[in-house]
Amino acid sequence: MTYVPHVVKKVAQYMADVLEDSRDKVQENLLANGVDLVTYITRFQWDMAKYPIKQSLKNISEIISKQITQIDNDLKTRASAYNNLKGNLQNLERKNAGSLLTRSLGDIVKKEDFVLDSEYLITLLVVVPKTSYSDWDKTYETLAEMVVPRSSNLLCEDNDSGLFSVTLFRKAIDDFKHKARENKFIVRDFQYNEEEMKADKEEMTRLSTDKKKQFGPLVRWLKVNFSEAFIAWIHIKALRVFVESVLRYGLPVNFQAMLLQPSKKTMKKLREVLNDLYKHLDSSAAAIIDSAMDIPGLNLSQQEYYPYVYYKIDCNLLDFKV
């Protein structure tokens, strides 16, 4: 059942995504039955209430499969809703950050910066490179006819540019924009609209509030369902050990399951010791097949074969190191 560990990893990874700046805290949230994963595995006991052993192996397997499918479906629904909310908020935040050439200007300008409700006059906003301030001051009144003298004001600056206002007659707009562009002064397409700016602020506040409201319940759901999925996965491992042992060594059941946690340095030595101890159980596996060896025509189904039953449990469930 590769589906079960896939869902376990998916829940763990999404936990990391949701916690964002608190990624160092992810590991302490990835618990099984309230304890860290290694502790849970080393103290593992079959959960009779969830997976009654009086039921057939097929039924137990179906119970787990149904449980994991439900977690996966719920995760997709919850992740989709939260990601949409987060994405919309990030889009709004991006609009209010960055260069004066691209960012929203609504939170920078004030009503008094503009000539409003005039049939003939209009105020434009122009982004001028800092190195060209003196050129702007000397030339803006002559970029087109009917520019209001001394109407330019510096409203805001970023690292590279300044945002200037300038007032002119409406009929001169196209000519002014053309000449400004020739001088590398960029006229921003902006109209002062209090209702629109208010709506944008309210939308950002709403999205930010909704994100905070969803965050706590979502993290709690992820913690609970990561635990459920991980526990189900370890029960699957226990089932596989049992079934494989019966298939290999027959009935009556006479085998002992153990957990070994070697370091990388001792892995090869451990394999050799285990092989010496148990090679008599299965002569076909007397020679350990190194997973790095490429033997044409030999299909091991991505699982090394040994004279003993072996399953790996990888508790490193995240794509980053915590």
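- Remark: Y192 engages F114 in a ring-ring contact (aromatic ring centres under 6.0 Å, His included) (not counting sequence neighbours).
- Within a 6.0 Å radius of CG in N91, other residues, nucleotides and ligands contribute more than 12 heavy atoms.
- Taking both residues in full, the closest heavy atoms of K86 and D17 are given as NZ-O, 3.7 Å, listed atom of the first, atom of the second, then distance.
- Remark: of the listed residues K213, K212, Q214, R206, R206 is the sole one forming a side chain to side chain donor-acceptor pair (under 3.5 Å) with D210.
- Rounding to the nearest 0.5 angstrom, the gap separating the CG atom in N29 from the CD atom in Q27 is 9.5 Å.
- No continuous path of ILVMFWY side-chain contacts below 4.5 Å connects L31 to I313, so the two sit in separate hydrophobic clusters.
- Shortest non-hydrogen contact noted between A229 and V4 is O-CG1, 4.3 Å.
- Within 6.0 Å of CD1 in I53 there are 12 or fewer heavy atoms belonging to other residues, nucleotides or ligands.
- Cluster membership check: Y140 does not share its hydrophobic cluster with L101, using side-chain heavy-atom separations under 4.5 Å among Ile, Leu, Val, Met, Phe, Trp and Tyr.
- A salt bridge does not link K198 with E194: every distance from a Lys NZ or Arg NE/NH1/NH2 to an Asp or Glu carboxylate oxygen is 4.0 Å or more.
- Two different hydrophobic clusters hold L222 and L85 under the rule that ILVMFWY side chains link at heavy-atom gaps under 4.5 Å.
- Here E182 does not pair with K179 in a salt bridge; the nearest charged N to carboxylate O distance is not below 4.0 Å.
- Checked by atom type and distance alone, the side chain of S65 never pairs as donor or acceptor with a backbone atom of S61 at under 3.5 Å.
- Within a 6.0 Å radius of CD in E28, more than 12 heavy atoms belonging to other residues, nucleotides or ligands are found.
- F230 CZ to N225 CG: the interatomic distance, rounded to the nearest 0.5 Å, is 15.0 Å.
- Checking each of K10, R78, K9 against D72 for a salt bridge (charged side-chain N to carboxylate O under 4.0 Å, His left out) leaves exactly one that passes, namely K10.
- By the 4.5 Å heavy-atom criterion applied to side chains, F242 and V253 are counted as neighbours.
- Taking all atoms of both residues into account, the shortest heavy-atom contact from L92 to D200 is CD1-O, 4.4 Å.
- Of all heavy-atom pairs between D47 and K50, the closest is OD1-N, 3.1 Å.
- For the atom pair OH of Y311 and CZ of R240, the computed distance is 4.5 Å after rounding to the nearest 0.5 Å.
- No donor-acceptor pair under 3.5 Å is formed between the side chain of S80 and the backbone N or O of T77.
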For a quick test of your reading: what N or O donor-acceptor pairs under 3.5 Å do the side chains of residues 34-41 make, sequence neighbours left out?
residue, atom, partner, partner atom, Å
D36, OD1, V38, N, 3.3
D36, OD1, T39, N, 3.0
D36, OD1, T39, OG1, 3.0
D36, OD2, T39, OG1, 2.7

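- The closest side-chain heavy-atom distance from Y310 to L274 is not below 4.5 Å.
- Between Y308 and Y306, the two ring planes are parallel [angle under 30°; tilted spans 30° to 60°].
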Checklist entry - Do T266 and S263 pass the side-chain hydrogen bond (donor to acceptor under 3.5 Å, both in side chains) test, and can you show the C-alpha distance, the side-chain angles, and the key distance before you say yes or no? => result CA-CA 5 Å; T266 58; S263 65; 3.2 Å; yes

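- Between P307 and Y249, the closest heavy-atom pair is O-OH, 2.7 Å.
- The number of heavy-atom neighbours closer than 6.0 Å to OH of Y14, taken from other residues, nucleotides and ligands shown, is above 12.
- When hydrophobic clusters are built by joining Ile, Leu, Val, Met, Phe, Trp and Tyr residues whose side-chain heavy atoms come closer than 4.5 Å, directly or via intermediates, I122 is not grouped with V127.
- When all heavy atoms of S227 and A32 are compared, the pair lying nearest together is OG-CA, 3.5 Å.
- Counting heavy-atom neighbours within 6.0 Å of E145 CD, excluding the residue itself, gives a total of 12 or less.
- Between W46 and L239 there is a side-chain heavy-atom pair separated by less than 4.5 Å.
- In this structure a side-chain-to-backbone donor-acceptor pair under 3.5 Å is present from T205 to K201.
- The distance from the CD1 atom of I108 to the CG atom of N96 is 8.5 Å, given to the nearest 0.5 Å.
- A distance-only check finds a donor-acceptor pair linking the side chain of S245 to the backbone of V241 [under 3.5 Å].
- No side-chain heavy atom of F255 sits under 4.5 Å from any side-chain heavy atom of V309.
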Item to check | Derivation of the side-chain contact (heavy atoms from CB on, under 4.5 Å) call for T139 and F185 | outcome: CA-CA 11 Å; T139 61; F185 306 142; 3.7 Å; yes

Return a table of donor-acceptor pairs under 3.5 angstrom between the side chains of residues 146-159 and protein atoms on other chains or two or more places apart.
residue, atom, partner, partner atom, Å
S151, OG, V148, O, 2.7
S151, OG, T167, N, 3.1
S151, OG, T167, O, 3.4
S152, OG, W136, NE1, 2.9
S152, OG, S165, O, 3.3
E157, OE2, Y133, OH, 2.8
D158, OD1, D160, N, 2.9
D158, OD1, S161, N, 2.7
D158, OD2, L100, N, 3.0

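- To the nearest 0.5 Å, atoms OG1 (T69) and CD1 (I64) are separated by 11.5 Å.
- Within 6.0 Å of CG on D276 lie more than 12 heavy atoms contributed by other residues, nucleotides or ligands.
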Item to check | Verdict with supporting geometry, F176 and V166, side-chain contact (heavy atoms from CB on, under 4.5 Å) | outcome: CA-CA 10 Å; F176 183 89; V166 62; 3.8 Å; yes

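- In this structure F169 satisfies the ring-ring contact (aromatic ring centres under 6.0 Å, His included) test with no other residue, sequence neighbours excluded.
- No more than 12 heavy atoms of other residues, nucleotides or ligands sit less than 6.0 Å from atom CG of D174.
- Residues L19 and L89 are members of separate hydrophobic clusters, defined by side-chain heavy-atom contacts under 4.5 angstrom among Ile, Leu, Val, Met, Phe, Trp and Tyr.
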Item to check | L318 and Q13: CA distance, side-chain angles, deciding distance, side-chain contact (heavy atoms from CB on, under 4.5 Å) verdict | outcome: CA-CA 6 Å; L318 302 167; Q13 194 58 50; 4.0 Å; yes

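- Sorted by first then second residue, the ring pair (Phe, Tyr, Trp, His ring centres under 6.0 Å) pairs that include residues 48-76, not counting sequence neighbours, are Y51-H235.
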Checklist entry - Given K211 and E93, is the salt bridge (charged side-chain N to carboxylate O under 4.0 Å, His left out) satisfied, shown in steps? => result CA-CA 14 Å; K211 186 186 171 194; E93 286 171 344; over 6 Å; no

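- Summarising the geometry, atom CE belonging to M197 is positioned 7.0 Å from atom CG belonging to N193; distances are rounded to the nearest 0.5 Å.
- Identified under the side-chain hydrogen bond (donor to acceptor under 3.5 Å, both in side chains) test for residues 106-121, with sequence neighbours left out: R103-D107.
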Checklist entry - Are I173 and K177 close enough, and set up right, to give a side-chain contact (heavy atoms from CB on, under 4.5 Å), and what steps lead you there? => result CA-CA 6 Å; I173 290 175; K177 283 183 176 179; 3.8 Å; yes

